[in-house]
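What follows is a single structure, written as structure tokens, with notes after it.
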Amino acid sequence: MFDEVYHARTAYEMLHRLPIYENTHPPLGKYLMSLGIRIFGMTPFGWRIVCALMGTLMVPVCYAFMRSISGNTWIAAFTSALMVFDFMHFTLSRIGTIDVIVAFFILLTFYLMYLVLEKLKKGLSFRVCVLMVLNGVPAGAAMASKWTGVYACAGIAVMFFSFLYREYGTTAVRVQKKLSGRNSFYELGQLFLICVTAYLIIPAVIYTASYLPWNEDGHLLRTMWDNQVRMFTYHENTIFDHPYSSEWYDWIWMRRPLLDAYTGLGTGKISVVSTFGNPVIWWGGIPALFYPVISGYPVKKAFSGRWLEWLGSWVLS
């Protein structure tokens, strides 16, 4: 189906050390898909099982994320149920493309970043350092699967530096935290070192190491860099009309879904697999996205009402 012709084929080639056909995305996602092919063979189940696993794991990660934000079990369960019934998530979790793999790593990265910021409010500690190191692993894996992960991690960086300014950036805040100029400088220095390790070195090592299955001449860094140039050139210059394409704003209204497979079955019947969102979730998510930004209302307080707990229990029952 659709990009399976590229990604599943490349996963097979990586597994058997054959010349790589598709090199327009970083290799980690296809390498993970190759693990399913190694176990179950070059069959639809083999090249799709890892994607199915990643899509399934997104549900408990979503639950844990929302449970941490809201402090409410029902709200967390309701949020996870929404993910289960999202059509796009359902489809991409069952075909052999890298999109759900990068989505899993992005979601895990955001969740761990949330935990880092919550713990960091109480000051830098060994636990915070461990969380930051763990946070760097899925961040690197997301970027090493698809460049979409780079954009997501850029957003996380904005969140992180905004948090640092709010917590350490003004004299009034430092006085409130009882941090003298020297103590504040010392803590920020430690934080800088762990940030460099967690969010620069670890992702860079993961990204570079993902090219090991492609490294045939022993020059890993050159192999990696040459492919960055090749990817950038390809995406910069590839402009053409595609019969399956739709404009970005069509995805909001879901006027034209992306077609993954179209098969004529004879006797006037067809089989179609398409990718589009659940209108209840997508359209309801637009005001939900802007509500905390516009209102400035604390998220935890917004989820503390008894009416939301009642709504969650009613829906799930």
Decide whether [X] and [Y] are clustered together by the hydrophobic rule: side chain heavy atoms of Ile, Leu, Val, Met, Phe, Trp, Tyr closer than 4.5 Å, transitively.
X      : Y      : answer
Met83  : Ile286 : yes
Ile95  : Phe90  : no
Phe161 : Leu117 : yes
Leu220 : Ile20  : yes
Phe276 : Trp282 : yes

With a 4.5 Å heavy-atom cut-off, do [X] and [Y] have their side chains touching?
X      : Y      : value
Leu18  : Tyr12  : yes
Gln190 : Leu193 : no
Phe65  : Leu108 : no
Cys153 : Met143 : yes
Pro138 : Leu112 : yes
Phe85  : Val280 : no
Tyr234 : Arg230 : no
Phe163 : Lys121 : yes

Would you give the length of the straight line joining atom [atom1] of [X] to atom [atom2] of [Y], rounded to the nearest 0.5 angstrom?
X      : Y      : atom1 : atom2 : value
Thr10  : Leu15  : OG1   : CG    : 12.5 Å
Glu118 : Ile69  : CD    : CD1   : 9.0 Å
Leu28  : Ser145 : CG    : OG    : 4.0 Å
Asp3   : Asp260 : CG    : CG    : 8.5 Å
Phe104 : His89  : CZ    : NE2   : 10.5 Å
Leu57  : Phe105 : CG    : CZ    : 9.5 Å

Next on the checklist: Show, in sequence, the C-alpha distance, side-chain angles and deciding distance for Met58 and Val61, and conclude whether the side chain to side chain contact (heavy atoms under 4.5 Å, CB included) test is met.
Outcome noted: CA-CA 5 Å; Met58 286 178 70; Val61 172; 5.6 Å; no

Next on the checklist: Is the positively charged end of Arg9 above the ring of Tyr6, judged by distance under 6.0 angstrom from the centroid and angle within 45° of the axis?
Outcome noted: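 No, Arg9 does not lie over the aromatic ring of Tyr6.
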
Item to check | Glu22 and Lys30: CA distance, side-chain angles, deciding distance, salt bridge (Lys or Arg N to Asp or Glu O under 4.0 Å) verdict | outcome: CA-CA 10 Å; Glu22 185 272 317; Lys30 277 109 40 173; 2.7 Å; yes

Which pairs with one or both residues in [range] pass salt bridge (charged side-chain N to carboxylate O under 4.0 Å, His left out), sequence neighbours excluded?
range            : answer
residues 76-92   : none
residues 128-148 : Asp99-Lys146
residues 189-206 : none
residues 42-56   : Glu4-Arg48

Item to check | With Thr79 via side-chain hydrogen bond (donor to acceptor under 3.5 Å, both in side chains) - residues at least two apart | outcome: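 For Thr79, no residue satisfies side-chain hydrogen bond (donor to acceptor under 3.5 Å, both in side chains) once neighbours in sequence are set aside.
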
Under the side chain to side chain contact (heavy atoms under 4.5 Å, CB included) rule, collect the residues that match up with [X], sequence neighbours excluded.
X      : value
Cys129 : Leu124, Ile194
Arg127 : Lys119, Ser125
Leu200 : Val196

Where [X] and [Y] come nearest, the two heavy atoms and their spacing:
X      : Y      : value
Gly277 : Phe87  : O-CD1, 3.4 Å
Cys62  : Leu107 : N-CD2, 4.1 Å
Ile101 : Gly29  : CD1-O, 3.5 Å
Thr91  : Thr275 : CG2-OG1, 3.7 Å
Ile98  : His7   : N-ND1, 3.5 Å
Tyr114 : Ser68  : OH-O, 3.5 Å

N/O donor-acceptor pairs under 3.5 Å from side chains in residues 205-214, not counting sequence neighbours:
| from | atom 1 | to | atom 2 | distance (Å) |
| --- | --- | --- | --- | --- |
| Tyr207 | OH | Trp147 | NE1 | 3.0 |
| Tyr207 | OH | Gln228 | OE1 | 2.4 |
| Tyr207 | OH | Gln228 | NE2 | 3.4 |
| Thr208 | OG1 | Ala204 | O | 2.9 |
| Ser210 | OG | Tyr207 | O | 2.5 |
| Tyr211 | OH | Asn227 | ND2 | 2.9 |
| Tyr211 | OH | Gln228 | NE2 | 2.8 |

Item to check | Working for side chain to side chain contact (heavy atoms under 4.5 Å, CB included), residues Phe160 and Cys195 | outcome: CA-CA 10 Å; Phe160 186 74; Cys195 282; 3.3 Å; yes

Next on the checklist: Applying side chain to side chain contact (heavy atoms under 4.5 Å, CB included) to Ile270 and Thr263, what does each step give before you reach the verdict?
Outcome noted: CA-CA 6 Å; Ile270 60 173; Thr263 306; over 6 Å; no

Next on the checklist: According to ring-ring contact (aromatic ring centres under 6.0 Å, His included), who are the partners of Phe110, at least two apart in sequence or on a separate chain?
Outcome noted: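 So Phe110 forms no ring-ring contact (aromatic ring centres under 6.0 Å, His included) with any residue.
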
Item to check | With sequence neighbours excluded, residues passing ring-ring contact (aromatic ring centres under 6.0 Å, His included) with His219 | outcome: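 Residues passing ring-ring contact (aromatic ring centres under 6.0 Å, His included) with His219: none at all.
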
Next on the checklist: Would you say Tyr199 and Asn135 are linked by a side-chain donor-acceptor pair, where the criterion is simply a distance under 3.5 Å?
Outcome noted: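 There is such a pair between these side chains.
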
Checklist entry - Within the side chain of Thr109, is there an N or O that forms a donor-acceptor pair under 3.5 Å with the backbone of Ala139? => result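 Indeed, once roles are kept as given, a pair shorter than 3.5 Å links the two residues.
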
Item to check | Criterion side chain to side chain contact (heavy atoms under 4.5 Å, CB included) on Leu191 and Met132, from CA distance to verdict | outcome: CA-CA 10 Å; Leu191 194 56; Met132 292 175 72; 4.1 Å; yes

Could you list the donor-acceptor pairs under 3.5 angstrom formed by side chains in residues 32-43, with sequence neighbours left out?
| from | atom 1 | to | atom 2 | distance (Å) |
| --- | --- | --- | --- | --- |
| Ser34 | OG | Tyr31 | O | 2.4 |
| Thr43 | OG1 | Gly46 | N | 3.1 |

